Amino acid sequence: MIPAFGTQYDFQWTDLGDIELGRPNLGQQMPVVVYRLAQYTMREALSKRYGDEVAGDILRESGWIAGRELCINTLDTSKPLTAFLADLQSKLKELGVGVMRIEQADLERLTLTITVSEDLDCSGLPVSGTTVCDYDEGFIAGVLHAYSGQTFAVKEIDCWATGDRTCRFAITPDNAAA
Amino acid sequence: MNEADRRYLAAATQQIEALLAARAAKPLQPTGLSEGLQPFAERLDALLESLAALRRLSIALANGDLAHETPSGSHLLGPLKQLQSSLRHLTWQTQQVAQGDLEQHVDFLGDFSDAFNQMIQALREKRLAEEKIRYLSEHDSLTGLHNRAFFDTELARLRAKGTYPVSLIIADLDGLKRVNDELGHHVGDLLIQKAAQVLQTSLGPDDVLARLGGDEFAIILPGAGASQADTVLARLRTAEANANRKEAVFPIHISLGAGVASDPTDLREALRRADEAMYADKAERKAASGDRSQRR
Ligand SMILES: [Zn+2]
């Protein structure tokens with residue numbers, strides 16, 4: 001996927017501000033519950049106004065921007081894919097986003113299966129029967145777009161919210177969107 | 001209890017027996033059971049379905065079939081799916097290691113993690129040792145330049161494939177034997193190191209400089225014809241003069257000769273011509289310096 005606005009958005013990494021300066025005592029850390037509170041109340045408000053499907057799309061698009069910006073600002077995109085994935089893996093762990101693992105990677109066809117355990121968004125969530133990691137789907141597609149310039153379709157096939165212990169994402173080149 | 005209830009209970013018992021004997025079982029999807037039994041039968045079906053999927057997944061894992069597709073949403077499968085996921089990731093990691101990536105680290109499989117990480121550490125040490133041995137086998141320990149073995153390999157490579165013409169230069173340090181005899185080997189070694197430096201600084205990144213042994217050096221200039229070789233010779237002369245002006249106590253004198261190979265079959269001859277030219281240069285320099293000392 002790729003948002004309709006593509007890379008034409010106004011957000012910049014510097015919009016996140018100088019956290020060191022702004023939080024001399026509280027620092028970088030905060031409980032996961034606060035993140036989830038923001039994420040799920042935002043989803044709720046979006047759903048109420050636009051319906052579940054549009055809400056999911058908006059979250060996916062914001063995840064796409066986040067993934068793209070994180071990649072551009074904190075990762076080395078000149079590395080070969082496997083080395084890049086290893087860097088991404090340690091970055092996500094370092095930031096507490098989740099434990100990412102690669103289950104399968106076909107570098108020729110650019111298809112990947114990755115899992116994220118202890119996912120920031122959904123681990124421990126009550127089982128609702130539908131996958132909830134729309135934001136993560138967009139995030140992964142955004143990271144890979146920033147790395148390769150290509151458009152990817154990312155689908156969450158297993159999620160804590162569907163009763164699984166890890167989130168599993170199938171990644172394929174998105175020819176429809178290109 | 002009606003007749004349908006009794007038939008259902010008998011069938012359900014059979015399915016449970018099958019599962020307990022590790023055989024396949026399937027949901028019974030009964031209808032028309034009495035009010036108390038129907039909801040129970042539906043939950044039992046869900047359990048049978050989950051257990052059947054669990055049985056299939058555990059058999060697949062026991063057989064090493066990591067590609068086994070599992071249904072989503074069954075909590076009972078959770079831990080085994082996690083194991084399957086870990087094993088798939090481990091497979092990917094091992095493929096990475098096989099391709100030379102020794103940065104892989106396992107931290108989710110207990111004792112196995114330790115063993116895997118120890119193996120990676122051992123491979124890393126082995127690679128370092130191999131790199132060191134390789135470096136030693138291709139370099140001269142006194143000057144840090146490439147050695148004769150590397151030079152020969154490089155020539156063989158050029159014989160197989162390269163851009164021609166190729167120029168070869170032989171450089172020979174004059175009077176090393178006398179210095180060794182009169183001032184000692186440590187001074188001779190210093191002169192060799194100084195000569196190596198002078199030669200090195202005058203060359204481009206693609207040129208190959210090797211110490212063939214004793215006082216003899218060789219240079220490969222890929223893609224260089226006669227005029228380019230002459231330019232390099234002139235540059236070497238200037239570098240030699242500059243070095244001697246800077247440090248006049250132990251001046252170095254290097255005899256030089258070049259030979260140009262127009263194609264791979266000509267390489268050996270070009271090396272011989274370079275050698276000859278170097279000896280001619282040496283004789284000339286000797287005569288010139290003899291004249292100077294006689295005049296003095
Ligand atoms: Zn999820």
Side-chain angles (χ1 to χ4, degrees), chain A residues 75-76 79-94 98-119 122-133 137 155-171, chain B residues 42-43 46-47 49-54 56-58 60-61 64-110 112-113 116-117 120 123-124 127:
Chain A
L75 293 169
D76 180 357
K79 293 189 174 183
L81 181 59
T82 49
F84 173 77
L85 289 174
D87 282 1
L88 178 62
Q89 204 172 359
S90 34
K91 176 60 73 180
L92 295 184
K93 194 170 174 184
E94 174 199 321
V99 180
M100 175 186 133
R101 293 183 190 131
I102 291 110
E103 281 197 354
Q104 176 272 120
D106 185 335
L107 302 187
E108 302 262 298
R109 283 183 293 170
L110 282 176
T111 64
L112 297 153
T113 309
I114 66 168
T115 60
V116 180
S117 312
E118 304 189 28
D119 185 275
C122 75
S123 57
L125 235 59
V127 175
S128 63
T130 49
T131 60
V132 295
C133 296
E137 288 181 356
K155 183 86 204 87
E156 190 183 32
I157 44 182
D158 287 336
C159 180
W160 195 293
T162 63
D164 283 291
R165 288 304 173 104
T166 56
C167 297
R168 180 174 279 109
F169 298 89
I171 303 165
Chain B
E42 278 159 21
R43 295 321 294 144
L47 179 64
E49 207 164 343
S50 268
L51 286 172
L54 182 67
R56 284 194 296 274
L57 178 55
S58 47
L61 284 181
D65 173 14
L66 300 184
H68 183 79
E69 293 290 342
T70 46
S72 292
S74 173
H75 299 262
L76 217 44
L77 300 188
L80 278 188
K81 276 181 88 167
Q82 199 170 347
L83 175 65
Q84 182 189 33
S85 176
S86 292
L87 291 173
R88 279 180 180 172
H89 180 56
L90 188 65
T91 307
W92 180 81
Q93 286 188 299
T94 310
Q95 285 164 347
Q96 295 313 110
V97 173
Q99 285 167 25
D101 171 8
L102 298 186
E103 297 300 312
Q104 295 297 328
H105 187 88
V106 178
D107 49 13
F108 49 86
L109 279 173
F112 181 84
S113 299
F116 187 92
N117 296 335
I120 297 293
L123 286 173
R124 246 185 250 143
R127 178 185 281 180

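Only a predicted model underlies this, so the values are computations on that prediction, with no experimental measurement involved. A, B, ... follow the sequence lines: proteins, then strands. Residue 1 opens every chain. The figures that follow rest on heavy atoms only: side chains count, while hydrogens, waters and symmetry mates do not.
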Can you confirm whether more than 12 heavy atoms, excluding those of Glu118(A), are under 6.0 Å from its CD atom?
no
What's the separation between atom CD in Gln84(B) and atom OG1 in Thr166(A), rounded to the nearest 0.5 Å?
9.5 Å
Taking all heavy atoms of Ser86(B) and all of Arg101(A), pick out the closest pair and write down the distance.
OG-NH1, 3.8 Å
Can you tell me how far the OG atom of Ser90(A) sits from the NE2 atom of His105(B), to the nearest 0.5 Å?
11.5 Å
On a heavy-atom basis, the closest approach of Arg168(A) and Ser85(B) is NH2-CB, 3.5 Å
Any side-chain heavy atom of Asp107(B) within less than 4.5 Å of one from Lys93(A)?
yes
Arg165(A) atom CZ, neighbour heavy-atom count above 12 within 6.0 Å:
no
Any side-chain heavy-atom pair of Gln96(B) and Ile102(A) under 4.5 Å:
no
Pick one of side chain, backbone, both or neither for Ile157(A), based on which atoms fall under 4.5 Å of a heavy atom in chain B.
backbone
Tell me, with the steps shown, if Arg88(B) and Thr115(A) meet side chain to side chain contact (heavy atoms under 4.5 Å, CB included).
CA-CA 10 Å; Arg88(B) 279 180 180 172; Thr115(A) 60; over 6 Å; no
Counting heavy-atom pairs under 4.5 angstrom with chain B, the leader among Gln89(A), Glu103(A), Gln104(A) is Glu103(A)
For Glu94(A), I'd like to know if atom CD has over 12 heavy atoms of other residues, nucleotides or ligands within 6.0 Å.
yes
Against chain B, label Val127(A) side chain, backbone, both or neither, depending on which of its atoms sit under 4.5 Å from a heavy atom there.
side chain
Checking Asp164(A) against Lys81(B) for the side chain to side chain contact (heavy atoms under 4.5 Å, CB included) test, could you report, in this order, the C-alpha distance in whole Å, the side-chain angles of both residues, the deciding distance, and whether it holds?
CA-CA 8 Å; Asp164(A) 283 291; Lys81(B) 276 181 88 167; 2.8 Å; yes
To the nearest 0.5 Å, tell me how far Trp92(B) CH2 sits from Leu112(A) CG.
9.0 Å
